[in-house]
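This report refers to the structure that appears directly beneath it.
Whatever order the structure lists ligands and atoms in, that order sets their numbers, starting from 1.
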Amino acid sequence: MPIDDTAPIRITAFDWVPDFAKGQVRDLRVRWALEEVGQPYAVRYLPQGSQKAPPHRALQPFGQVPTYEEGDLTLFESGAIVLHIAETHGKLLPTDRAGKSRAIEWAFAALNTVEPPIMDHAIATLFEADKPWSKPRLPAVEKRIDERFGELSSRLGESDWLDGDFSAGDLLMIAVLRIVKDTGLLDAFPNLKTYVERGEARPAFRQALADQMAGFTGATPPQFIEWEKAMKEKQGELQ
Ligand SMILES: N[C@@H](CCC(=O)N[C@@H](CS)C(=O)NCC(=O)O)C(=O)O
């Protein structure tokens, strides 16, 4: 689905992020959902820092991306946006009441149960890799992730998707799991690795990822040059 500057839907994304975040910024989840339902969209790119300025905070109170604008409606929170897209297009959610509720349950499980320990890991190994507390914290963080992955792996079993057809719940769960896909944390759970690969093989995901990557046209902002150097040095020690 081409990005279309005249489309009635507009999202926000960054024009620069550190290398480790490329392909992971949360506008990817929204792009992926839009691709799945076949909805063209426009992108407004933000230079790093401007997300904290009042005009963007009026759209996103926490000064983050993504946002989603459609006529009078402005939304933030990637999960809420993905569910809105699914509801609007009558796709990515089963039509029966119980099945729909279960898909939404998996969306919450992804964002509220599986993502928090994964983000603790990203904070320790990436965002705060240069801090003295990160290394001692890692074993406990990894243990918690291992427990969660074991539980998710047992439930998924040999199924392709979490509950019937591919849903918004799978989209969000796969987006969350892929945050650690290069860390080895998924290695003990072959069915979760295959699950992530199955999601990433979807044409909608591939297009969304390619479009996010193509949007990183900004130069490293001066305030990030030293930070990025220090972080890269420490990162090697932690991974
Ligand atoms: N829960 C929010 C999290 C959004 C979020 O963490 N956005 C990050 C990019 S992935 C961001 O904008 N970070 C920049 C900042 O916080 O200044 C969502 O899912 O939309």
Side-chain angles (χ1 to χ4, degrees), residues 9-36 41 43-70 73-87 92 103-129 131 167-183 199 205 208-209 211-225 227-228 231:
I9 285 165
R10 187 167 68 161
I11 69 165
T12 47
F14 287 128
D15 73 355
W16 177 90
V17 293
D19 284 350
F20 68 76
K22 289 181 176 144
Q24 295 287 358
V25 188
R26 285 172 177 76
D27 57 278
L28 181 68
R29 302 168 185 191
V30 174
R31 292 176 189 261
W32 186 4
L34 289 165
E35 292 291 343
E36 290 282 354
Y41 62 98
V43 185
R44 185 162 58 83
Y45 285 99
L46 301 179
Q48 276 295 335
S50 68
Q51 72 270 26
K52 303 299 183 199
H56 188 69
R57 277 202 200 268
L59 304 178
Q60 216 290 7
F62 306 106
Q64 298 182 314
V65 305
T67 58
Y68 172 98
E69 294 165 82
E70 178 193 336
L73 175 69
T74 301
L75 293 173
F76 60 92
E77 283 298 333
S78 56
I81 299 170
V82 167
L83 290 177
H84 170 79
I85 293 166
E87 288 264 20
L92 298 176
I104 293 171
E105 158 192 85
W106 279 116
F108 276 92
L111 303 179
N112 204 30
T113 301
V114 179
E115 188 165 34
I118 287 182
M119 281 315 292
D120 284 347
H121 187 267
I123 290 167
T125 59
L126 300 168
F127 296 101
E128 293 183 358
K131 303 291 187 230
S167 76
D170 291 298
L171 185 153
L172 290 165
M173 188 65 83
I174 290 164
V176 162
L177 294 176
R178 47 185 303 286
I179 298 172
V180 288
K181 81 175 195 141
D182 296 326
T183 63
F205 174 84
L209 180 64
D211 286 336
Q212 176 175 97
M213 297 304 283
F216 296 125
T217 55
T220 308
Q223 70 270 30
F224 281 100
I225 293 172
W227 172 81
E228 199 173 31
M231 195 211 50

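- Taking Lys52 as the reference, nothing meets the side chain to side chain donor-acceptor pair (under 3.5 Å) condition, with sequence neighbours excluded.
- Contact annotation: the side chain of Ser78 never approaches that of Asp27 to less than 4.5 Å [non-hydrogen atoms, C-beta and beyond].
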Using side-chain contact (heavy atoms from CB on, under 4.5 Å), reason through Val25 and Phe216 one step at a time and then give a plain yes or no.
CA-CA 11 Å; Val25 188; Phe216 296 125; 4.0 Å; yes
Which atom pairs, donor and acceptor, lie under 3.5 Å between side-chain atoms of residues 15-23 and protein residues at least two apart or in another chain?
from  : atom 1 : to     : atom 2 : distance (Å)
Trp16 : NE1    : Thr220 : OG1    : 3.4
Asp19 : OD1    : Lys22  : NZ     : 2.9

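- With Thr125 contributing its side chain and His121 its backbone, the two residues share a donor-acceptor pair below 3.5 Å.
- Within 4.0 Å of ligand 1, the residues that place a heavy atom are Phe14, Val25, Arg26, Gln51, Lys52, Gly63, Gln64, Val65, Pro66, Glu77, Ser78, listed by chain and number.
- Applying the side chain to side chain donor-acceptor pair (under 3.5 Å) criterion to Thr67, with sequence neighbours excluded, gives Thr12.
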